[in-house]
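Report on the structure given below.
Letters A, B, ... mirror the listed sequences (proteins, then strands); counts begin at 1.
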Number of protein chains: 2
Amino acid sequence: MKQGNKTKLRIINEANKLFYQQGFNATSFSNIVDATGLSKGNITYHFKNKQEILSGIVESRLADIDELLTAWNKEFPSPINRLVRFCEMLLDEQDNLKQYGCPMGTLTGELSKNQPALYQLTLPMFKRFQTWLLEQFTLLNFSSEQANENALELLSRVQGITVITHVFKDEKFLNKEISKLKNEIKNRYD
Amino acid sequence: MKQGNKTKLRIINEANKLFYQQGFNATSFSNIVDATGLSKGNITYHFKNKQEILSGIVESRLADIDELLTAWNKEFPSPINRLVRFCEMLLDEQDNLKQYGCPMGTLTGELSKNQPALYQLTLPMFKRFQTWLLEQFTLLNFSSEQANENALELLSRVQGITVITHVFKDEKFLNKEISKLKNEIKNRYD
DNA sequence: GTCTATACGCAGATAGAC
DNA sequence: GTCTATCTGCGTATAGAC
C-alpha cells in the first residue's frame, strides 16, 4: 500500500517530466517504462492508460500550485509584491522555459486543439493562477470586472514572454521583459 | 507535371490544416490519406515522409507571409498603421485562434520541445514577422537595438493574447486586448 | 504489487503493378 | 503519376504467473 503510493508518485513524476519535455502526444507508454525502470504491466496496474496518468499529474500539480500560492501569500503581505513574485517565477525557471516552454501553456495548448476531455482536465491549473491573480487585484480595490481584466492581462503578458523565450531560445529577452513587467506593475497598480 | 504540382498543393494544404488543428505529432500519415482522398503510395511519391511535408508547408506559408506583408506595405504608408494592421490580423482569425491557437506559435512550440531539426525548419516563419516588425520600428526612428526590442515585445504581446484566447476559449478577451494594444501602439510610438 | 507474455492494430516505409 | 500490396516495428491493451 505504502510502496504502491511511492510507485505511483514515481510514475507521475517521470511522466510529468516527459509530457513536459516531449509533449503529451509524443510521449509513449514505453517512454514511461524506460524512464521509471518499471514494467509496462506495473504501470498499467497503477494507471489504466495515459489519460489516467495525466489526471494524476494534474492532481499533483494542483497541490504544488496551491502550496506555492499559499507560501507567497504568507511571505508577502502586499498584493503588489505578490504580483511581482509571480513574475519572478519565470526567472526561476528560465532554463526550462527556454527549452520546453510553459509547463501549463504548452500542455493545455496541445490538448486544447482536439482532445477536449484532456484539455478540460488541465484547465484547473490555469484557473488556479487566474483566481489567485484576481484575488490580488481585488485586494488592490479594483472592481471585480476590472480585477478580472487585469488578472487575464497579466497572465497573457507572462504567457507571451514565455512563448517568445521558448521560440527564440532567448533568455536575455526573458530577463529584460520580466524586469519591465515588474516596473509596469509597480507603476500602474501601486 | 502540372497535375503533379496540383496534387502536391493538395497534400500541403490538407496536411497544413491537420497539423494546425491536431498538432504535428498527433497527425498520422493515414490522417492525410483520408483528408486528401489520395492513396498512401501517391503521397509517398510526392513526399518521402512527414518531415518533407512539413518542409513543403513551411515553404508555402513563407510565400503567404511575404505576400501578406508586401500587401500591407503597399496599403499602409504609415508604419503605425502597419503595426495596427498586424494586430488586427488576430481579429480576422479569431475563430481559429480560439480553437487551435496560433498557427506558428503552436507548431514551433511543439517542435521546439525535442525535435530540433523540425523546429529549425519552422523558425523562419517567426523570423519573417520579426524582421518586418523591426523594419517598421526602424522607420519610426528607433535605434536598431530599441527597434528590435519593440519588435519582440509586440510579438510577445500578440502571442500572449493568442495563448489566453486559446486556453480560455475567450474571444471577448481577444477583442478587448487587441483594442487596448492598438491604442497603446498609437500612444507609445506615434 | 510487480513482472513476463501475448495479441492486435496502426504508423511508417518500400516494392511493384497499372 | 497514381494505385494496391506487403513488411516491420511500435503503441496500446489484456491475461496471467510470481
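- In this entry the distance linking CD1 of B/I11 with C1' of D/dG1 reads 11 Å, nearest Å.
- Pairs engaging residues 52-95 of chain A under the ring-ring contact (aromatic ring centres under 6.0 Å, His included) rule: A/W72-A/W132, A/F86-A/F129 [sequence neighbours left out].
- Looking at heavy atoms from C-beta onward, B/T165 lies out of side-chain contact with B/D170 at the 4.5 angstrom threshold.
- Considering only side-chain N and O atoms, A/T7 lies under 4.0 angstrom from the phosphate OP1 or OP2 of C/dT2.
- In this structure, the side chains of A/L38 and A/H46 stay at 4.5 Å or more apart for every pair of heavy atoms.
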Worksheet item: Going 5' to 3' along nucleotides 4-18 of chain D, which nucleotides have protein heavy atoms under 4.0 Å from the base (write B), which only from the sugar-phosphate (write S), and which from neither (write -)?
Response: B------SBBB----
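- Whole-Å rounding puts the A/H46 NE2 to C/dT2 C1' distance at 8 Å.
- Note on A/Y45: a side-chain N or O is less than 4.0 Å away from OP1 or OP2 of C/dG1.
- Under the 4.5 Å side-chain criterion, counting only non-hydrogen atoms from C-beta, B/L155 is not in contact with A/V167.
- Counting heavy atoms from C-beta on, the side chains of A/R128 and A/L62 come closer than 4.5 Å.
- Spacing between atom CZ of A/F47 and atom C1' of C/dT2 amounts to 15 Å, rounded to whole angstrom units.
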Discussion item. What does the 5'-to-3' dot-bracket notation of DNA chain D look like when only Watson-Crick and G-U wobble pairs under 3.5 Å count, and pairs to other strands show as |?
Written reply: ||||||.|||||||||||
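- Looking at residues two or more places apart in sequence or on another chain, you find a side chain to side chain contact (heavy atoms under 4.5 Å, CB included) between B/K48 and B/E52.
- Residues satisfying the side-chain hydrogen bond (donor to acceptor under 3.5 Å, both in side chains) criterion with A/R10, sequence neighbours excluded, are absent altogether.
- With sequence neighbours excluded, no residue satisfies side-chain hydrogen bond (donor to acceptor under 3.5 Å, both in side chains) with A/Q159.
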